[in-house]
Novice: 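First the structure, which I've put down as structure tokens, then a few questions once you've had a look.
Residue numbers begin at 1 in each chain, while the letters A, B, ... track the order of the sequences.
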Protein chains: 2
Amino acid sequence: MFSIDLTSRIPIYEQIYENIISLIVKGTLAENDQLPSVRAFAKDAGVNPNTVAKAYQELERTGIIYSVPGRGSFIAKPDSSVFQNAVLTEFDNAAMACADRGIDKQVLAEHLDNIYTKHGKGEKL
Amino acid sequence: MFSIDLTSRIPIYEQIYENIISLIVKGTLAENDQLPSVRAFAKDAGVNPNTVAKAYQELERTGIIYSVPGRGSFIAKPDSSVFQNAVLTEFDNAAMACADRGIDKQVLAEHLDNIYTKHGKGEKL
DNA sequence: ATAGATGTACTATCCGATATAGTACACCCC
DNA sequence: GGGGTGTACTATATCGGATAGTACATCTAT
């Protein structure tokens, strides 16, 4: 259910963080759904419970989940802006890097078309 | 002349690598221009010569510069594709992450517009 | 009340990538 | 020959991330 890449440069706890968000956006996880426990997640993913705990704490800090001592962790009321800010910043940075290297805007526009058609989403235009 | 961020998550040698490419794309560095020596660069940037050497070796490995033993390092014949592949991949990844979070394609298109107008480039359309 | 599961906190340790330090070598130009 | 160059190599230091282990308070279920 969760895809973790141990070899990535991106820290595991960040991958978990992004993974949860992704599942919420995709609708797999909805408001008040219970997350796997820190220990269960850790066992399933083959990582240390502390690493999962770190991800959960970060998710709670940003208001994406809420944790009840003794009960578990649950999805908070989804707020799309929380999810979108980070990736939009990434997008801007990537686009600026492309501009710096003299890549035409039209080329990037074409890439956008390909991505949004392949993903079968964003056909709201 | 070179901007290095010691606090960044990105390794210094990668920053140097990107820095050189950026200067080539911007036209500040042209074919056969000589780069500062490993030791000079290191002193100027306040880093270890080995770190600069690592960046230069990577630049030579990818064909962006060429080094002449005893002479110095020089800009090779620019091949834009070498510069653009990496940033285009980054762009695609960022765009896909946005799509995964349900961001409208049109929103990204607007971001592109802003970036390319602010940068005063890419007005070739 | 008891047992078990939960999130959380804390310390200690390990590991890998990165960066640094220092030295050495071969090459080229003046 | 002297000084500059890129390159190679070993060793050390540092830092973030991950792990290991323990402990505690809280909740649920029995």
Novice: Of all the choices, D:dT7, D:dT5, D:dT19, which nucleotide is nearest to the side chain of A:N48 once you look at every atom?
Specialist: D:dT19

Novice: Rounded off to whole Å, could you give me the OH-to-C1' distance for the A:Y56 and C:dT6 pair?
Specialist: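 Distance check: A:Y56 OH to C:dT6 C1' gives 11 Å.
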
Novice: If each of B:S67 and A:G46 is mapped to the nucleotide of DNA chain D with the nearest heavy atom, which maps nearer the 5' terminus, i.e. the 5' end?
Specialist: B:S67

Novice: Please state how far atom CD in A:Q34 lies from atom P in D:dC27, giving the value in whole angstrom units.
Specialist: 15 Å

Novice: Between atom CZ in B:R61 and atom C1' in D:dT7, what is the gap in whole Å?
Specialist: 16 Å

Novice: Between the side chains of B:D113 and A:K105, is the shortest nitrogen-to-carboxylate-oxygen separation below 4.0 Å, so that they form an ion pair?
Specialist: yes

Novice: Give the rounded distance in Å between these two atoms: CG of A:L6 and P of C:dG16.
Specialist: 13 Å

Novice: Taking atom P of D:dC27 as reference, at what distance in whole Å does atom CZ of A:F74 sit?
Specialist: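 It works out to 12 Å between those atoms.
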
Novice: For the side chain of B:N50 and the base of C:dG22, is some donor closer than 3.5 Å to an acceptor across the two?
Specialist: yes

Novice: Give the nucleotide from the list C:dT20, C:dG7, C:dC29 with an atom nearest to the side chain of B:T51.
Specialist: C:dT20

Novice: Grab the two heavy atoms, one from A:A95 and one from B:L112, that are nearest each other, plus how far apart they are.
Specialist: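 Looking at all heavy atoms of both residues, the closest pair is CB-CD2, 3.8 Å.
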
Novice: The side chain of B:P11 is closest to which nucleotide in this list: D:dA20, C:dT18, D:dG17?
Specialist: C:dT18

Novice: Can you figure out which of D:dG6, D:dT19, C:dT6 approaches the side chain of A:V47 most closely?
Specialist: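 Between D:dG6, D:dT19, C:dT6, the one nearest the side chain of A:V47 would be D:dT19.
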
Novice: Look at the side chain of B:P69 and decide which nucleotide, out of C:dC27, D:dC27, C:dT18, has an atom nearest to it.
Specialist: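 When the side chain of B:P69 is considered, C:dC27 is the closest of C:dC27, D:dC27, C:dT18.
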
Novice: Taking the inter-plane angle between the rings of A:H111 and B:F91 on a 0 to 90° scale, is it parallel (under 30°), tilted (30 to 60°) or perpendicular (over 60°)?
Specialist: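 Correct class here is perpendicular.
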
Novice: Examine the side chains of A:Y13 and A:N50 and answer whether a donor and an acceptor come within less than 3.5 Å of each other.
Specialist: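 No pair is found: no donor N or O on one side chain lies under 3.5 Å from an acceptor on the other.
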
Novice: Base of C:dG16, side chain of A:R9 - is there a donor-acceptor contact under 3.5 Å?
Specialist: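 Check fails, no donor-acceptor contact within cut-off.
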
Novice: Please state how far atom CZ in A:F41 lies from atom C1' in D:dT19, giving the value in whole angstrom units.
Specialist: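 For the pair A:F41 CZ and D:dT19 C1', the rounded distance is 17 Å.
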
Novice: Mind calculating the distance between NZ (A:K43) and P (C:dT6) to the nearest angstrom?
Specialist: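 These atoms are roughly 11 Å apart.
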
Novice: Would you mind telling me which residue lines up with the more 5' stretch of DNA chain D, A:R39 or A:Q15, judged by nearest nucleotide?
Specialist: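 This one resolves to A:Q15.
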
Novice: Does a side-chain N or O from B:S37 land closer than 4.0 Å to OP1 or OP2 of D:dG4, or not?
Specialist: no

Novice: Taking CG from B:D5 and C1' from C:dA19, how many angstroms apart are they, rounded to a whole number?
Specialist: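 Roughly 15 Å, once rounded to whole Å.
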
Novice: When you measure from the side chain of A:Y13, which nucleotide among D:dT7, D:dG17, C:dT8 comes out closest?
Specialist: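 In terms of side-chain proximity for A:Y13, the closest of D:dT7, D:dG17, C:dT8 is D:dG17.
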
Novice: If you compare every side-chain N and O of A:Q57 against the phosphate oxygens of C:dA9 (OP1, OP2), does one of them come in below 4.0 Å?
Specialist: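 Checking C:dA9 against A:Q57, a side-chain N or O does come within under 4.0 Å of OP1 or OP2.
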
Novice: Less than 4.0 angstrom from a charged side-chain N to a carboxylate O is my criterion; do A:R9 and B:E14 meet it?
Specialist: yes

